[in-house]
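Structure, as structure tokens:
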Amino acid sequence: MIIVPFLFFTLLTIYWWYKHQGFDVCVYMSALYALTSLLAIIIVAGEMLDAGGILFDNYDLELNVVPTILYCALLTLGMLPFSMIYKKDIRDITTNNPLIIHALSALLFAVALLNLYLIADSTVEILSGDLSSVRSDHYKGIESPAQVKSESLPFILRFLYYFNVSTLLALPLAFYYMCFRKSQWWVVLILFFTSFSMPLAGIQSADRTEIVFYGMMFVACLILFSPHFSKKMKRAMRIGTIPVAIAALVYFIVVSDARFNKEEGGAEARAVQYAGQGYLNFCFFWEKGNTDYIAAEREFPLIAHYAFHIDNDDSRREMRSGQQGFFMSVFATYIGDVLLDLTPVGMFIWAGAFFFICCFIFKRPHREELSVGDLLAFFTLSIIPIFGIYYYRFMSMPSTFMILLVCAIMLLDKYKIRL
């Protein structure tokens with residue numbers, strides 16, 4: 001069974017590449033799952049189980065037919081609507097209310113400035129210190145310097161900081177302003193700076209996730225907007241992104257080495273295990289998961305918080321891990337998270353609902369024109385299958401605010417509002 005997902009997603013990648021006559025977002029998604037499936041083969045062949053978050057050990061590996069079929073089928077169902085959008089067909093991205101889009105950009109920039117204020121005092125000190133200890137403190141629940149500083153802010157600014165997760169929306173907006181509005185370079189640069197707010201905040205806890213997440217979504221935007229790059233834009237992108245990419249890579253390597261250099265196999269083995277464990281842990285969840293418990297706080301964090309006073313925090317995850325009989329905060333792809341939270345029946349319903357929501361928003365294949373609301377919805381929804389090679393991304397209240405913000409822009413962008 002171990003080779004089935006790799007063969008399936010490789011063939012799906014080739015098929016979509018041929019159908020779209022190039023590397024589209026759906027091809028990118030499928031290629032990511034083909035890569036993680038290949039790493040799963042390497043993990044099993046190299047006897048690298050029972051470490052790095054992998055729940056199976058070398059003696060109890062169970063990769064059966066049913067979870068393998070469901071893994072391939074449900075992930076494909078999640079990617080299928082994105083095959084409706086062909087980047088070569090898009091001629092224009094428009095808005096009925098440019099002032100609202102400007103206001104959104106200004107709001108996100110204000111949040112990024114607030115984040116910069118909170119992290120400015122401590123970032124250099126953290127980077128020059130013991131990153132392993134910084135990460136250990138984070139796992140122990142010790143507040144970062146930025147968190148301590150944020151507690152002294154007025155209520156309105158502390159509420160505004162919830163939207164720091166939403167600053168990633170500045171990434172597709174930067175490409176939109178650059179490619180379709182032909183805006184001044186400083187406008188685009190401000191938006192790119194804004195979009196990098198979460199990776200900068202992640203340094204406070206020696207986090208690598210936000211860097212990886214940003215990089216994956218940056219590539220998705222490059223793919224979507226690439227037909228609209230002029231030679232000048234391509235040159236500017238190379239000049240701007242290469243040093244940032246090098247700095248991000250160096251940070252990733254340094255943090256990885258600090259955290260895992262003393263463990264067996266070192267940081268390289270951990271990288272393979274982290275990226276390749278999705279299929280393996282999904283099968284473990286299917287075989288070992290306890291379906292007596294339904295917990296939807298990760299799928300519906302806002303409802304869980306205000307209606308049931310339940311949050312997806314460390315104590316809640318520890319309690320649920322005790323109910324399951326294994327540590328549940330591992331990477332099992334986004335459908336694995338949904339499986340463990342909502343049981344198999346809930347997973348089928350959730351996957352079907354996600355498919356129909358995407359189809360409803362994308363409307364039809366080969367669209368030549370998108371609204372900015374459509375663009376932000378496409379970007380936000382694509383986060384689920386793209387970063388879903390690890391886990392379900394929108395599991396916190398701040399991430400729900402991002403979804404609500406996109407929904408509001410979509411609704412406002414349907415009508416011309418006279419201000």
Side-chain angles (χ1 to χ4, degrees), residues 52-53 108-153 157-158 160-168 170-171 174 189-219 237-263 265-275 314 329 331 387 390 393 396 398-399:
L108 297 177
F109 179 53
V111 176
L113 289 178
L114 177 60
N115 178 68
L116 184 63
Y117 164 73
L118 292 175
I119 68 172
D121 297 340
S122 53
T123 297
V124 174
E125 181 181 349
I126 290 172
L127 289 175
S128 59
D130 185 351
L131 293 174
S132 179
S133 296
V134 172
R135 192 60 181 173
S136 178
D137 289 345
H138 171 73
Y139 286 136
K140 293 175 183 177
I142 299 174
E143 290 185 329
S144 68
Q147 288 175 311
V148 173
K149 192 174 180 179
S150 68
E151 292 171 358
S152 64
L153 292 173
L157 293 181
R158 279 186 280 123
L160 185 65
Y161 197 55
Y162 273 117
F163 289 92
N164 199 37
V165 173
S166 304
T167 54
L168 188 69
L171 185 56
L189 191 62
I190 284 175
L191 286 168
F192 276 125
F193 160 76
T194 300
S195 70
F196 210 69
S197 186
M198 278 300 291
L200 290 174
I203 296 174
Q204 292 285 306
S205 57
D207 176 73
R208 303 173 303 165
T209 302
E210 295 302 331
I211 289 286
V212 174
F213 176 43
Y214 184 90
M216 294 172 73
M217 299 314 301
F218 183 83
V219 171
M237 289 296 292
R238 284 194 296 268
I239 294 172
T241 57
I242 289 177
V244 175
I246 292 173
L249 182 60
V250 169
Y251 169 80
F252 182 89
I253 293 172
V254 169
V255 172
S256 299
D257 185 66
R259 290 175 59 183
F260 305 120
N261 66 341
K262 296 181 181 179
E263 298 185 19
E268 296 82 1
R270 284 295 178 267
V272 172
Q273 290 166 322
Y274 273 47
D314 291 340
S329 294
F331 301 154
F387 195 73
Y390 297 111
R393 177 71 184 185
S396 65
S399 58

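Since this is a predicted model, take the numbers as computed values, not measurements. Both backbone and side-chain heavy atoms feed into the values below; hydrogens, waters and symmetry mates do not.
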Locate the shortest heavy-atom distance separating [X] from [Y]; write the atom from each residue and the value.
X: Ala201; Y: Asn115; answer: CB-OD1, 3.4 Å
X: Asn164; Y: Ser197; answer: OD1-OG, 2.6 Å
X: Ser195; Y: Tyr214; answer: OG-OH, 2.8 Å
X: Gly240; Y: Val244; answer: O-CG2, 3.4 Å
X: Leu108; Y: Ala170; answer: CD1-N, 3.8 Å
X: Gln204; Y: Pro145; answer: OE1-CD, 3.5 Å

[X] vs [Y] side-chain heavy atoms within contact, under 4.5 Å:
X: Phe213; Y: Leu168; result: yes
X: Ile211; Y: Val255; result: no
X: Leu160; Y: Leu153; result: no
X: Leu118; Y: Gln147; result: no
X: Phe196; Y: Phe218; result: no
X: Tyr274; Y: Val212; result: no

| For the side-chain contact (heavy atoms from CB on, under 4.5 Å) test, which of Ile203, Val124, Leu200 pairs with Ile119? | Leu200
| Distance from Met217 atom CE to Arg393 atom CZ, nearest 0.5 Å? | 10.0 Å
| Taking atom CZ of Arg270 and atom CG of Asp257, what is their separation to the nearest 0.5 Å? | 13.0 Å
| field | Side chains of Arg208 and Ser256, donor plus acceptor under 3.5 Å | value | yes
| task | Mark yes when over 12 heavy atoms from residues, nucleotides or ligands other than Tyr162 sit less than 6.0 Å from its OH; otherwise mark no. | result | no
| query | With a cut-off of 6.0 Å (strictly less than), are more than 12 heavy atoms of other residues, nucleotides or ligands near CD of Glu151? | reply | yes
| said: Going by the rule side-chain hydrogen bond (donor to acceptor under 3.5 Å, both in side chains), which residues pair with Ser133 if we only count those two or more places apart in sequence or in a different chain? | reply: Asp130
| said: Can you list everything that forms a side-chain hydrogen bond (donor to acceptor under 3.5 Å, both in side chains) with Ser132? Sequence neighbours excluded, please. | reply: none
| message | Going by side chain to side chain contact (heavy atoms under 4.5 Å, CB included), name the residues that satisfy it together with Leu113, two or more places apart in sequence or in a different chain. | response | Phe109, Phe193
